[in-house]
Structure formats: C-alpha cells, structure tokens
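Below, chain A is the first sequence line, B the second, and so on; all start at residue 1. Below, all heavy atoms of this structure are taken into account, side chains as well, without hydrogens, waters or symmetry copies.
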There are 2 protein chains.
Amino acid sequence: MTATAADDTNEFAASEQPLSIYELIREDIISGRLEPNARLKVADLATRYGTSTNPIREALQQLRGEDFVVMEPNRGARVRPIDEAFVRDIIEIEVLIEPALTKWFCSIATDADIVDLEAAQAEIEAHNFADPKHHGELDTRFHQLIYDRHYNRHAADLWWKHREILRAISRRFPTSLSRRQAVLREHRELIEAIRAQDADKAAEVVARHVEGSGRHIIEQMGVAKRNGPRRGSA
Amino acid sequence: MTATAADDTNEFAASEQPLSIYELIREDIISGRLEPNARLKVADLATRYGTSTNPIREALQQLRGEDFVVMEPNRGARVRPIDEAFVRDIIEIEVLIEPALTKWFCSIATDADIVDLEAAQAEIEAHNFADPKHHGELDTRFHQLIYDRHYNRHAADLWWKHREILRAISRRFPTSLSRRQAVLREHRELIEAIRAQDADKAAEVVARHVEGSGRHIIEQMGVAKRNGPRRGSA
DNA sequence: ATCTGTTGGATCGTACATTATTTCACATTT
DNA sequence: AAATGTGAAATAATGTACGATCCAACAGAT
C-alpha cells in the first residue's frame with residue numbers, strides 16, 4: 001500500500017492524476033471534514049463527489065476493510081467513532097513496533113540520514129507549533145525518515161495507518177506547553193542516540209515518546225468531553 | 001485432491017444465516033481453494049457464488065482493505081501472493097505483540113483458565129499432528145484462550161488476522177518432527193509460566209514460540225519451492 | 001398509551017453501457 | 001523466412017441506471 005501521498009493536502013492534487021473516490025473519502029475522514037460517527041449515505045456522497053453510487057459503495061467497502069468505516073447490514077456506513085480506548089489500543093501497539101523499527105534504523109543510518117533528521121527537527125523547532133495541522137505534517141515527516149526505508153513493509157504500513165488516525169485526532173486539539181517541550185527534547189535525544197549508535201537508548205526514547213504522545217492525546221480528548229460537545233458558554 | 005469445495009465449511013455448519021459473499025471469498029482464500037496470486041475475475045466469481053457482479057466487486061474491495069487481495073487499476077484483482085518476506089514481516093510483528101498480550105493474560109488468569117489451557121493442550125497432544133488442518137484449528141484455539149479476552153481489541157484483531165494468514169499457509173506444509181516436539185514443549189512451558197505467575201518467562205516463551213513457528217514455515221516454503229513450483233490452475 | 005399498518009428513504013442486487021486492456025492475426029522490415 | 005510492429009476484435013474492468021428489499025419512523029385504531 002504505502003500511500004506516499006503524505007504531505008500533499010490535496011489542494012494541488014489536480015496536478016498529477018485525479019484522486020480516486022477512495023482517496024477522496026479517506027482524506028475527508030482523516031482531515032475531519034467527515035466527522036467521526038457521521039452517517040455516510042451513498043447517495044449524498046455520490047452527489048458530493050460527482051459520481052454514481054457504485055464507486056462510492058466500493059470505496060466504502062475498502063475503507064471498512066481498513067477500519068476507517070463501520071457498517072451494519074441494511075443500515076449503511078458511518079465514520080469510525082474514535083474514543084479513548086481506541087487511541088490507547090493503537091498506542092500500545094505502536095509502543096511495541098516503533099522501537100523495533102528504530103533499532104533497525106540505527107544499524108543502517110548514515111551521516112546523510114542524521115543530517116536529514118536534524119533538518120526536519122530544525123523545521124519543527126522553527127515552526128514551533130504555530131499551526132497544529134502543519135506541525136502534524138512536520139512531525140510525521142521526521143518519523144517517516146526513520147521508518148520509511150524499513151525492510152518490513154507490513155510494519156511500516158501499519159505505523160503509517162496508525163499515524164494517520166492519530167494525526168486526524170490530534171489535529172483538533174492544542175498541544176500543551178509541557179508536551180511541546182517533551183516532544184522537542186525527545187526528538188533531540190533520539191537523534192543523539194542514533195548518532196551514538198546506541199540502539200537500545202534510541203528504542204527507549206521512542207517508546208517514551210509514543211507513550212507520552214498517546215497519553216497527551218487521551219487527556220485532551222477527556223478535556224474536550226468534559227467541556228461538553230460544542231455549546232461553549234457555562 | 002480435487003474440488004470438495006462444498007463440504008469444507010462443515011465445521012461452521014451450525015451457522016444459520018448464509019455467509020456473505022465477502023466471507024465466502026475470504027474462506028476460499030484462507031483455505032487455499034483460491035490459490036495465491038490467482039486472478040480474481042468478477043464475472044467468474046459471480047457465477048461461482050451465484051450472484052451478480054456488484055456484491056463481488058464490493059467484497060473484493062473490502063478484502064483489498066484487509067490486504068487479502070491486491071488490485072491494479074483497470075487490471076483487476078489477485079489473491080495476495082505470499083512469499084517468505086511477507087511471512088517474515090508478519091512474524092516480526094507477532095514476536096512483538098504476542099508476548100505483550102501474554103503478559104497481560106498472566107495478570108488476569110484464573111485457575112479455570114489454566115484448566116482450559118491444559119485441556120486444549122491435551123487435545124493437541126492427543127491429536128498429535130495427524131491432520132495439519134485440524135492441528136491448525138486446535139493450536140489456534142489454544143492461543144485464542146490467551147488472547148481473546150484481552151482489552152486491546154485492536155491488538156487481538158491484528159493477531160487474529162495474522163493468524164489466519166499463517167494458518168492458510170502452514171496448512172499446505174507438513175510439520176517436521178523436531179518442530180512438533182518444540183511446539184508441545186513450548187506450550188507446556190507457557191502453561192507452567194502462567195501458572196507460576198511469571199509474566200516475563202511467559203513472554204519469553206511466546207516470543208521463542210512465534211519465532212520458531214515462523215522460521216519453520218519459511219523453511220517449508222523454501223523446500224516446496226526447490227522441489228518445483230506447484231501444479232495448479234493458472 | 002400500546003400496537004399495527006403504512007409510507008418514505010436508503011441499502012442491496014441486477015442489468016446494461018462505457019472504457020481500458022489483452023490477444024491475435026496480419027503486414028512490414030531485417 | 002523470422003522477428004517485430006500495427007490494428008482490430010475479444011475480454012474484462014469500471015461506471016450508470018433502475019427495480020427489489022429492508023428498516024425506521026409515523027399515523028391511526030383499539
């Protein structure tokens with residue numbers, strides 16, 4: 001799979017080839033334009049994307065296979081509702097996988113790779129969390145440098161899929177100041193560990209990084225829920 | 001062995017509702033009736049399952065999302081070809097996930113759970129690898145006792161999916177005598193570790209178990225390839 | 001107020017049209 | 001004459017339209 005359409009925000013999308021219906025719906029789910037638990041009527045989507053219903057149905061089935069959509073017989077499809085438990089489940093898997101991927105990267109990293117990582121990190125620090133969405137893209141690119149060339153495509157794809165889901169969520173929440181500091185610190189620690197060829201240290205840092213990221217997202221979700229869905233004044 | 005497509009679903013005959021097209025195709029892929037890399041023409045499948053093409057197309061899309069089939073634009077679908085690298089990738093992920101699941105099981109296992117595990121193990125030993133397919137079912141049930149109640153549904157589902165793929169492959173190969181011994185020994189070790197509440201030991205045993213299982217499958221695949229490519233419908 | 005028949009809407013299955021690809025005969029070239 | 005390029009027909013995937021079926025909400029009657 002390896003959908004390498006990572007950094008394009010489908011605005012200049014028409015330049016290459018028209019994205020498939022599947023990709024369009026997927027992007028709309030990840031970006032939040034189609035909200036979690038939103039009903040997905042094939043007729044509506046057909047008019048929305050200017051096609052007939054059959055491509056919509058097939059795209060939804062594929063998305064169901066990827067767990068982005070849930071379907072009940074004769075009752076249609078909905079965007080997968082994402083709750084704290086779901087995020088926790090994904091994070092627990094990533095805490096296992098990402099350190100393993102990182103360890104291998106340590107054994108093949110070159111000077112050029114270190115330079116790339118430092119450049120990506122510099123961009124993150126320069127941007128300094130100004131825009132949550134853009135930060136998400138930069139942060140994804142940073143970690144992608146480490147995982148993308150891994151020989152285990154299955155594991156890398158799994159990371160990517162989880163990453164997109166998490167990005168879709170964290171996009172809606174602010175990043176606390178303490179979390180920002182931790183992110184920057186852990187990234188720097190990670191680069192240092194890789195440079196020092198200390199695979200165990202790098203794995204430990206990544207595990208802590210993922211764990212902390214997940215905890216932060218879950219906390220933000222809890223805050224958002226306590227403050228009530230929409231309906232601001234209290 | 002020709003055909004016998006009809007009676008192969010006997011074990012689940014109690015199921016009242018007719019299986020969906022998706023489930024039928026999926027079963028045919030896992031059971032090997034649809035061979036790896038086989039071309040999947042919607043028209044053929046439509047006549048095969050006695051329906052029109054649309055349900056077939058949607059089922060294939062879902063299976064694509066689950067990575068059971070691969071599709072190229074305008075060139076149709078094929079059963080995912082499974083090679084050694086693919087198995088290795090899955091095993092590497094399982095080596096990470098299964099120990100973690102097992103550790104948690106240690107903390108919640110009851111006497112009744114131990115009894116169930118021993119009963120499942122007794123069945124495996126009684127059967128003694130007489131029929132590869134049946135052994136696969138028994139072995140799956142053994143491990144399922146450990147993973148099925150885990151709170152992390154995502155991880156458990158991932159295990160189940162990988163398990164089905166591996167079962168589909170190993171079903172075609174014999175189990176070497178040394179591997180058989182190892183399987184039984186490791187299962188007993190695992191039960192003992194759980195009984196002794198030694199989570200680390202249990203995790204270590206499981207990691208070794210998965211690793212060995214994967215290595216064995218990959219070796220068998222290599223043997224099969226050297227002994228000449230399969231006869232088959234192409 | 002609960003139950004039942006009706007109605008509206010959406011999903012699901014079938015048939016057909018369109019578009020792309022593969023195949024194979026045939027002509028051209030070396 | 002063998003090899004290769006061309007093009008038309010066959011084959012199969014993709015898209016569109018429509019009828020059948022199922023479910024949910026609602027109106028009216030007991």
Would you indicate what B:Leu60 reaches in the nucleic acid, counting non-hydrogen atoms under 4.0 angstrom: base, sugar-phosphate, or nothing? nothing
If each of B:Gln61 and A:Pro73 is mapped to the nucleotide of DNA chain D with the nearest heavy atom, which maps nearer the 5' terminus, i.e. the 5' end? B:Gln61
Note: chain B reaches DNA chain C at heavy-atom distances under 4.0 Å over the stretch, first to last nt, 5' to 3', of C:dG13 to C:dT22
By nearest-nucleotide position on DNA chain D, the 5'-leaning member of B:Asn54 and B:Asp44 is B:Asp44
Any side-chain N or O of B:Arg39 under 4.0 Å from OP1/OP2 of D:dA13? yes
How would you list, by chain and number, every residue that makes a side-chain hydrogen bond (donor to acceptor under 3.5 Å, both in side chains) with B:Arg141, sequence neighbours excluded? B:Glu123
Over how many whole Å does the gap from B:Lys41 atom NZ to D:dT14 atom C1' extend? 17 Å
Quick one: is D:dA24 close enough that its OP1 or OP2 comes under 4.0 Å of any side-chain N or O from A:Arg75? yes
According to the interplanar angle, ranging from 0 to 90°, do the rings of B:His127 and B:His135 count as parallel (below 30°), tilted (30 to 60°) or perpendicular (above 60°)? parallel
Checking A:His154 now: which residues fulfil ring pair (Phe, Tyr, Trp, His ring centres under 6.0 Å) with it, not counting sequence neighbours? B:Phe86, B:His162
Without decimals, in angstroms, what is the distance between A:Arg78 CZ and D:dC23 P? 16 Å
If I take atom CD from residue B:Glu219 and atom OG from residue B:Ser176, how far apart are they, to the nearest 0.5 angstrom? 8.0 Å
Taking atom types as they are modelled, would you say the side chain of B:Arg57 forms a donor-acceptor pair with the base of D:dG15 within the 3.5 Å cutoff? yes
Is A:Glu164 salt-bridged to A:Arg26, going by a charged N under 4.0 Å from an acidic O? yes
Do NZ/NE/NH1/NH2 and the carboxylate oxygens of A:Arg39 and A:Asp44 come within less than 4.0 Å? no
Would you indicate what B:Thr51 reaches in the nucleic acid, counting non-hydrogen atoms under 4.0 angstrom: base, sugar-phosphate, or nothing? sugar-phosphate
Measure CG/B:Leu40 against P/D:dA13 and give the value in whole Å, please. 9 Å
Presence of salt bridge, B:Glu94 and B:Arg163, under 4.0 angstrom: no
For A:Asn74, answer base if it contacts any base atom (sugar-phosphate contacts may also be present), sugar-phosphate if it contacts only those atoms, and nothing otherwise; contact means non-hydrogen atoms under 4.0 Å. sugar-phosphate
